[in-house]
Structures are given as C-alpha cells and as structure tokens.
Amino acid sequence: MRGFFVSGDEQRAMDKYQPELIEPKWQRVWDEARAFNVPNPVPGEPGAEPHWYQLEMLPYPSGNGMHMGHVLNYTMGDVVTHIRRRSGATVVRPMGWDSFGLPAENAAIREGGHPREITERNIATIRAQMKRLGWAIDWDREVASHDPAFYRWTQWLFLRFYEQGLAYRREAPVNWCPNDQTVVADAYIVDGHCERCGAQIEFRNMTQWFFKTTAYADELRAFELPSGGAWPERSVTGQRNWIGRSEGAEVLFRVDDLDIDLPVFTTRPDTLFGATFFVVAPEHPFVEAHASDEAREYARLAGAKRTEERAAETEKTGVFTGRYATNPVNGAQLPIWVADYVLMDYGTGAIMAVPAHDERDREFAETFALPVVTVIDDDGHLVASGGFDTLPAEEAKRAIVDWLHEQGRGAPAVSYRLRDWSFSRQRYWGCPIPIVYCDDCGIVEVPDEDLPVLLPDIDDYQPKGKAPLASNEEWINVDCPKCGGPARREADTMDTFVDSSWYFLRYVDPHNDRAPFDRHVVDYWLPVDLYIGGIDHLNGHLLYSRFFVKAMNDFGMLGFREPFARLFHQGWVQMGGTKMSKTKGNVMGPDELVAEYGADAVRMYILFMGPADQDMEWTESGIEGIVRFLRRLWRAVHEVAERAPERGPGTSALARTAHRTIAKVTDDVLRRIQFHTPISAMMELLNELSDDPAAADARFAAETAVSLVQPYAPHIAEELWGVLGHERLWEEAWPVADPSLLERDTFELVVQVNGKVRDRFEVDVSLSGDELVALALASERVRAHIDGATVRKTIVVPRKLVNFVVG
RNA sequence: GCCGGGGUGGCGGAACUGGUCAGACGCGCCCGACUUAAAAUCGGGUGCCUUCGGGCAUGCGGGUUCGAGUCCCGCCCCCGGCACCA
C-alpha cells in the first residue's frame, strides 16, 4: 500500500524523498501560519507598497474536478505569486467559483438532486484538490457566484446599469440553443453551434435583456491600459476585429409613393452615383409592410435560414419588391429588392447596391441582369458622378457626405460589428434578475433594500422553452414595489458571464455587506497586475469585464478604466490533439499523479512540458525526469549539509553559476512569463553542484537551488531549507544576483577565418581587443588558413570572437 | 479572402538585442557499473553523411552581412480567430 508508514522512526524515513509525508506537513504549517493571507489597507490609510494582484480565471466547479489545464493555469499563477511575495510585494492571490450555470442544472435533471447540492459538492472536491497541490491562495477571500452574499451585489450592479440605460429589454432575434433551451451569447457560438453542448444554434425572436456593450465600442477598441500594462498583440487585435469598426455615412433614400425614408449605411459614399438598385434584408420591416406577395414569401423562407447557410449558398437569390427608392444624389429610381445576402443586424439592414464596385452587388446584378455603372476610373478618380467628377475617391467621400448633409439626406456614421450582449437566460440555476412587471407601472426595479431576490428552491428544472421559474406561482407573483398592485417577477436568470464580469472586484473586499466593494480597497489592489486564462474567453468574459469596469468607472464606483493590466494566455493541455474538456471526454486529472509522484513533481512537470503559452499534448512519460531531479536535489542537499564548508566568499565557478541561475529564473518568470526554461537552468545548477557537493561554494549553491525551486516545488524546498539549517523559506527574501559575478572571469574565444570557426580557446576577460587579435594570430590552426593570404579586415567582438577576413 | 501565431534531432523544446563549429535541459534509445535478478542509482554515448581530412544541416528558393535559426524579398505547409459586415 502506497504511502503507508508504520514506524515511528521519522528520521529514517526522511533519508529518502517521500513527498507523501512532507507535503501534507508543510501544507498544515502554512495554513496555521496564515502564510498566504493578506490584509486590506486600513480605511483612511495608504496600503502597503508595492503590492501585486495575481489572478487566474476562476474555475467552473465541474463534477469531474480539475484537469491538467487547470493545474497548469494555477501553478503558473502560484510561481509568480511566490516570487513577487518574496521580492517584497504584498500579493493578493484569491480563488473562487463560477458556480452558477447549466452543467449543474443539467446534472440535477439527469441524476436528481438540487443544482446547489451538486455544485457545492463539486466545490468541496476541487478545493481539496487545490489544497493538495499546495497553492498559495488567500482562502479567506473565497467567493462563489451562487452565494446570495455574492449575487445580491450582482443584482445591485444590474440595477445601476439599468438606471444608466446600459441594461435594457427589447425584442430581438437571438441565438437559441434547442438542446439547452436557452439563449446563447454571440461570443460562445462556434461554427453555428453551441460551444457548451454542440447543438446547432437556431434563431428566435424573443424579448430579452441586453447590456449595451456597443455604447463603449470605441473605448473597448482603444485599450486604456495603465503604464506598464500589456496585452498580447493577438488578444488586442482579436477584440478589435470582434468589435469591427467601419467608418462611412448613413444616407436616406426616399420611397416617393409611400412618403417614407429608408436609411442605408455605406463605407463608400464616393460610389453613390453608381448605385443601380437597392436591397433590404428579409427581416427588414419594409418587406412585411410594403413588399409584393412574392417578395414577402421569399423573405419568410430566407429569414428562416441561418446566416452561415445563407453565406454558403453559391448563387445570389432575391425578389423585386415592386417598389422604388430615389437616389438622393441624382434622383435615379432604384428598384428595391429583398435578398438574403443583406443582413438585418448590421448597419440598417438595407443597402444601396453598387455592382461596379462591390463584388457581392456585382454577383447579384449578374444573376438578375441589373445595370452596372462604373463611377471610379482606374486612377481612382470619380466619373459619371455629376459635379464630383475628377475628384479622388477619398476626397469625394467627404465632399459627397458634406453635400448630403447640407441637403438633410445624409451624415457621417460609424458602424460596428459588435452587438449588444443579450444576457437573459431561460434557465433556473442563475442569478435572478431583480425586476418586476406591473400592469400599471410597467418595468419596476426591485428596491435595493429588498435584495437579494433569492433564487427559490424548486423541483422541476425541466426546460420547456420558457424559464422554469415562470411556473413557480408562489414565487413569481408579488406586489408591485411601486404601487402595491399585483405584479410578476422576471423569470429569466442572468448569464453566468455577468457574475464573472465583476468577481475580481469582489475578491478584494469579499465580506462587504454594505456595497459590492469599497472603492478605497478596489482602487488600492486593482487593476489586476497579471491575469492568466484561456484565450477562448477573449471576446466573451474578457470583453464583458472591460465593459463593466469602464461603465463602473463612469458611475464613479472605481478609479480605473481597465481591469487587467497584463494578460497571459496559457496554451491548451491536449489529449489526442484536442483541448481537454468534459464534453470531449479526454480529461486527465491531477489526483492519481499527485498520489504517485507528489504535488511538487506534478506542479513542476506541467510547467516543464513546454512554453506555457503554446498548446501541449499531455504525456506522462516526462514526469520521471522531474522526479529524478527532485530526488537528486534531495540527495545533493543532504550531502552538502553534511560535507560542505560554511558559506565562503562565493566567487568560484559554481557560485557564478548560482548567480546566473538567479538572474535567469527571475527574468524568465517575471519579465518573459516563461516557466520551463528556469527549470532547465535549475537542473544545470544542480548538475554542477552534484559534481562536488563538498566544494567551497557548494553550500551557497545548494541554498540558492532550494530557494529558487521554492515557487515551483514549495514542499520539498521548505523541507530542504530546514536541512540546510534555516526555516520559513516562504518568507525568505528572493535571491538577487550579484551583477559582478554574472560574468565568467575567462571566456572561450572563438577565432574565425572568413566566418568559419578555426579555433577556440579560453582567455581572460580582461584582455584588450589587440591582445585578443595577437592571441588569435598565434594559433597554428588559424595561421594555416591565413598564411599566404592578405588579411583585409579584422572583426573583434568583445568577449566573443575574432574574425579574420582574408582573400 | 482578411488578421494573428508557427515550421529546429526519434520526441518536448533551447538559442531573449544577428556573434562560442545550432541542438541547452529533459524524455526516449544504446553501452557500461552496482545487483542472484529486477527496480532505483551512478558513469559514458546519442543530428545526418564520411574515404576520418572533413562535409552537410534550423520548411523551400533568393538576398543583405565579416558572420543569419535570428534581418529583407518570394514561395510552400500547419494551427487559431473573423468572414455575404455593405
């Protein structure tokens, strides 16, 4: 039986590296010492400086527990936490649970039980897994989004957004998942399928709640990161592409016989004279109101198709509506068509068609034999455009929009790809929306003092196309908070991404029962110094959180405009070429590995597998290398403790290696956010130390190795720190490299002839360039290549090489 | 199509600002020591070719440079995001 330990002779047991004995021991010590709990600043006083907010995306408490992707994510954060702490910063590193959401509700339907019980059981499992890995977390700050003490403030924040017009209700076509029986946000649809369950998404017209993310489109594109802040290039451009800003103009086309205006958005007002027809989307209200029967029939069929289906069609389709629109620049009567290549949810849902200068319009014109009028020549100047002829296209854009503006028929406009975030969900296990509908008063807010609107316990979660809460008569019927008359509660719940849009603010003030957080406290800790999480949340969670913070800053609730100063995306841990996930069934958890090799080995191995920002294929084979490293470290340190002299002056080659290792580990983790190369460097240090554990600077090298390995493998490090006669390594100052010892006192001079290496030998670093050349010329192997030729040029690179150019 | 990231030994990868015959560190493999044996551990070897002088090697083809995995130009392939967005 593994780990079974009978004898009381602990000393003997400790001769061997036995992680199953030392790891629980140190976890207990840290727990009792409250090693990783940090206080908030006292009101009215400045907080400790410097400080660091280390955050990783909070986990969803899945029934499968953690997989190796989680282990990677949180171990990275842990390494940074330890190094920052020991470098003198006050580091807050919290943890919590994204604990509302569909999987628990579906599990309850499948297996019985209540989503709350299932969720809380899962949380307990994962918390235990986390503790077994020894992560440095301030558990006093734990929050869970399903806890009324948390969601009370989610509701409170919703009401502030509502009051500011940033949360609103309207009927709109929304993405409907027929399997989960609820609305899905745009960002969480992959190839037209529900990201969570894989079902094909349908469109439905529903009255839904929206956050007005588009109100912040330009600011979200801008990125107002604090100085020193940095997001990966791909993340910034990814969000910008998602927001998709286009500059152009809105132009009014008149339908004379109906006496109405149809607005269009165009990025090419310079081509206005080339418009030969006009197209509206199938869903455009104009179709139902004014189009021919044939056109209405077409619109009904086309509108039922999904966008991808429409895009995949090779032939353009459409029907003439029987109506005409007047081109405001020349009075031309343009036939109005309805066609499914025009989308209702971009621009105005109507376009002016310029087949000469737009590929899609040209295809349509070719299919239906519509005229083509060229209005820009090969040199980019306008032709056949009345008074605007000969103007360059860019100038013409401005001139034509100016002219339209004077006529009251157009204005500059900006259009975005980004749409408002629909966040109401027709499911049970989520945060109730604190709204009441009254026949007399309309939409009424639940007063702050009545929060939280508690999620009632119900038995039937079965999705029926409407929210389960809607059938709960006892809960749904309330008195109107305004007039006291009969009213009904909102039965939809909030998307879980509402919870995660502000959880990082609650972490720093988790027990506040008067407000979601105290501004003084939030302004002290935030913005988050380093946020680690998957890039899959780029256009969802990461965008929503930025929106929330910008809005709350405008509300005066906090003093910054970006939540995350520096962002890092870990790569996927894959199995069989795909990302580990429950739905794919390829989940590998840490438990068996920890039982077999110990937490330290698992932590270190997941970081050693490769660059942390690249995808990696999970394989267990390499973990042996890490286990060997830890055993060799164990043995070497014990030998050093017995045999090495006390710390000396420390200028030997070994001491220099130790200093170089300090510099490398520190720089790689803190500046480069790279975790695997420091492990290589520590292995090299150990290799050199093991050559002679009784050497002059062996003690210094061993102490350095143990100290540097602590963020990666804190348990063995703490144990070996004790072997070396010290205690409380977790509080020990992070080592600092002595710059004067980073360089060797000799180096290997490379001598090249015409760029080819001909000789190499050790020389003293103090030698001058002339002396190096003289030494190089003295080499017989070099002479063999330059004798009889003329040296045309000599290149000396200090501390590196001499290159003779001959011929 | 547009945007972003990549192609280096049998494998994961290193080489951060062009400069120590590219290949650190680890895995795997081969040889040896210890052992009755195995595990563990320790030592050595491990890009390719070679007539043993050396030659060839970082997806392919050019270029810049005394010197290129690294910079420039042109291709090929792989991965990710967006995509009938007017």
Side-chain angles (χ1 to χ4, degrees), chain A residues 16 190 232-242 244-246 248 264-268 271 279 281 307-308 310-313 316 339-343 345-354 357-361 363-364 415-419 535-536 538-539 571-572 577 605 608-611 613-617 619-629 631-632 635 664 667-668 671-672 674 676-684 686-687 690 747-762 792-807:
Chain A
K16 234 180 96 192
V190 181
E233 187 61 30
R234 58 176 171 153
S235 313
V236 171
T237 53
Q239 284 201 352
R240 285 190 176 143
N241 290 345
W242 180 260
R245 183 178 204 273
S246 297
V264 303
F265 172 77
T266 179
T267 55
R268 297 296 305 277
T271 64
V279 189
T307 313
E308 302 81 52
R310 283 156 82 167
E313 282 162 6
K316 291 269 181 290
D340 66 3
Y341 81 95
V342 173
L343 308 175
D345 51 17
Y346 184 78
T348 63
I351 63 157
M352 62 173 206
V354 184
H357 304 290
D358 182 282
E359 207 179 312
R360 297 151 300 176
D361 295 346
E363 276 176 39
F364 193 84
S415 196
Y416 299 94
R417 211 200 72 98
L418 180 73
R419 284 175 275 170
I535 197 167
D536 52 333
L538 182 65
N539 294 323
W572 303 128
Y605 177 58
F608 189 59
M609 281 189 74
D613 57 354
Q614 274 174 39
D615 295 352
M616 52 196 95
E617 178 68 21
T619 155
E620 206 178 308
S621 64
I623 198 168
E624 287 292 349
I626 293 293
V627 174
R628 276 177 211 146
F629 166 74
R631 286 201 199 112
R632 289 175 58 222
R635 200 177 54 237
K664 167 115 185 122
D667 186 59
D668 278 2
R671 181 178 62 86
R672 299 176 71 195
Q674 185 161 294
H676 61 141
T677 44
I679 298 176
S680 298
M682 291 188 277
M683 286 173 167
E684 288 180 70
L686 177 62
N687 288 347
S690 301
F747 71 97
E748 194 169 30
L749 179 70
V750 173
V751 185
Q752 299 177 330
V753 178
N754 286 343
K756 295 219 168 211
V757 177
R758 295 305 177 187
D759 202 0
R760 12 191 295 152
F761 43 85
E762 284 291 315
R792 298 206 336 258
K793 198 169 171 187
T794 302
I795 288 137
V796 179
V797 182
R799 299 189 172 197
K800 292 226 161 71
L801 58 78
V802 173
N803 186 13
F804 296 109
V805 186
V806 303

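Residue numbering restarts at 1 for every chain, and letters A, B, ... go by the order of the sequence lines.
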Nearest heavy atom decides the nucleotide; on that basis, is A:G238 or A:A350 closer to the 5' end of RNA chain B? A:G238

A:R632 side chain N/O closer than 4.0 Å to the phosphate oxygens (OP1, OP2) of B:C42? yes

Can you pull every protein N or O that's under 3.5 Å from an N or O on nucleotides 27-32 of chain B?
from: B:C27; atom 1: OP1; to: A:R628; atom 2: NH1; distance (Å): 2.4

With syn defined as a glycosidic angle within 90° of 0 and anti as everything else, classify B:G62. anti

Taken to the nearest whole Å, CZ/A:F265 to C1'/B:A86 is 8 Å

Using the C1' atoms only, state how far B:G63 lies from B:C30, rounded to an integer number of Å. 43 Å

Which nucleotide in B:U41, B:A83, B:A86 has an atom nearest any side-chain atom of A:Y346: B:A86

Report the C-alpha distance between A:W572 and A:D536 in whole Å, list the side-chain angles of each, state the deciding distance to 0.1 Å, and finish with yes or no for side-chain contact (heavy atoms from CB on, under 4.5 Å). CA-CA 10 Å; A:W572 303 128; A:D536 52 333; 3.2 Å; yes

Winner on side-chain proximity to A:R360, out of B:A40, B:C66, B:A86, is B:A86

Is there a side-chain contact between A:Y416 and A:S246, using heavy atoms and a 4.5 Å cut-off? no

Whole angstrom is fine here: how far is it from CD in A:E617 over to C1' in B:C79? 14 Å

What nitrogen or oxygen pairs link the protein and nucleotides 1-3 of chain B at under 3.5 Å?
none

Test of understanding: with salt bridge (charged side-chain N to carboxylate O under 4.0 Å, His left out), list the residues that count as partners of A:R360, not counting sequence neighbours. A:D358

Is it true that a side-chain atom of A:Q752 and a backbone atom of A:V802 form a donor plus acceptor pair closer than 3.5 Å? no

Apply the test side-chain contact (heavy atoms from CB on, under 4.5 Å) to residues A:F265 and A:I351: give CA-CA distance (whole Å), side-chain angles for both, the deciding distance (0.1 Å), then the verdict. CA-CA 7 Å; A:F265 172 77; A:I351 63 157; over 6 Å; no

Nearest whole angstrom, please: distance from the P of B:C84 to the CZ of A:R417. 9 Å

Expressed in angstrom and rounded to an integer, what is the separation of A:Q239 atom CD from B:G4 atom P? 16 Å

Give me the distance, rounded to whole Å, that separates B:G28 from B:C11 when you measure between the P atoms they each carry. 15 Å

What is the distance, to the nearest angstrom, from the CG atom on A:L538 to the P atom on B:G81? 11 Å

Salt bridge (charged side-chain N to carboxylate O under 4.0 Å, His left out) involving A:D615 - partner list, sequence neighbours excluded: none

For A:N687 and A:R632, run side-chain hydrogen bond (donor to acceptor under 3.5 Å, both in side chains): C-alpha distance rounded to whole Å, both residues' side-chain angles, the deciding distance at 0.1 Å, then the answer. CA-CA 9 Å; A:N687 288 347; A:R632 289 175 58 222; 2.7 Å; yes

A:Y341 ring centre to A:K316 NZ or CZ under 6.0 Å, with the angle to the axis within 45°? yes

Integer-rounded Å distance: B:A86 C1' and A:D345 CG: 13 Å

Tell me the interatomic distance from A:R234, atom CZ, to B:C82, atom P, rounded to whole angstroms. 14 Å

Expected label for B:G67 (glycosidic angle, syn inside 90° of 0, else anti) would be anti

Of the candidates B:A86, B:C25, B:C66, the side chain of A:V805 sits closest to B:C66

Counting Watson-Crick and G-U wobble pairs with both distances under 3.5 Å, what is the dot-bracket string for RNA chain B, 5' to 3', using [ ] for crossing pairs and | for pairs to another strand? (((((((..(((......[.....)))((((((.......))))))(((....)))..(((((..]....))))))))))))....

Whole Å only: how far is the CD1 atom of A:I351 from the P atom of B:A86? 11 Å

Write down the distance separating the P atoms in B:G5 and B:C71, rounded off to the nearest Å. 12 Å

By nearest-heavy-atom nucleotide on RNA chain B, the more 5' of A:G349 and A:S680 is A:S680

Does this structure show an ion pair linking A:R419 with A:D345, if we count only N-O contacts that are shorter than 4.0 Å? yes

Kindly determine whether A:F629 and A:M682 satisfy side-chain contact (heavy atoms from CB on, under 4.5 Å), including the steps that lead there. CA-CA 9 Å; A:F629 166 74; A:M682 291 188 277; 4.3 Å; yes

Do any side-chain nitrogens or oxygens of A:R631 fall under 4.0 Å of OP1 or OP2 in B:U41? yes

Is A:I795 close to A:V805 at the side-chain level, that is, under 4.5 Å between some pair of heavy atoms? yes

Among B:U41, B:C25, B:C84, the one nearest any side-chain atom of A:E684 is B:C25

What string of B, S and - do you get for nucleotides 13-19 of chain B, 5' to 3', when a contact is any protein heavy atom under 4.0 Å? SSSB--B

Heavy-atom side-chain contact between A:N803 and A:K793 under 4.5 Å: no

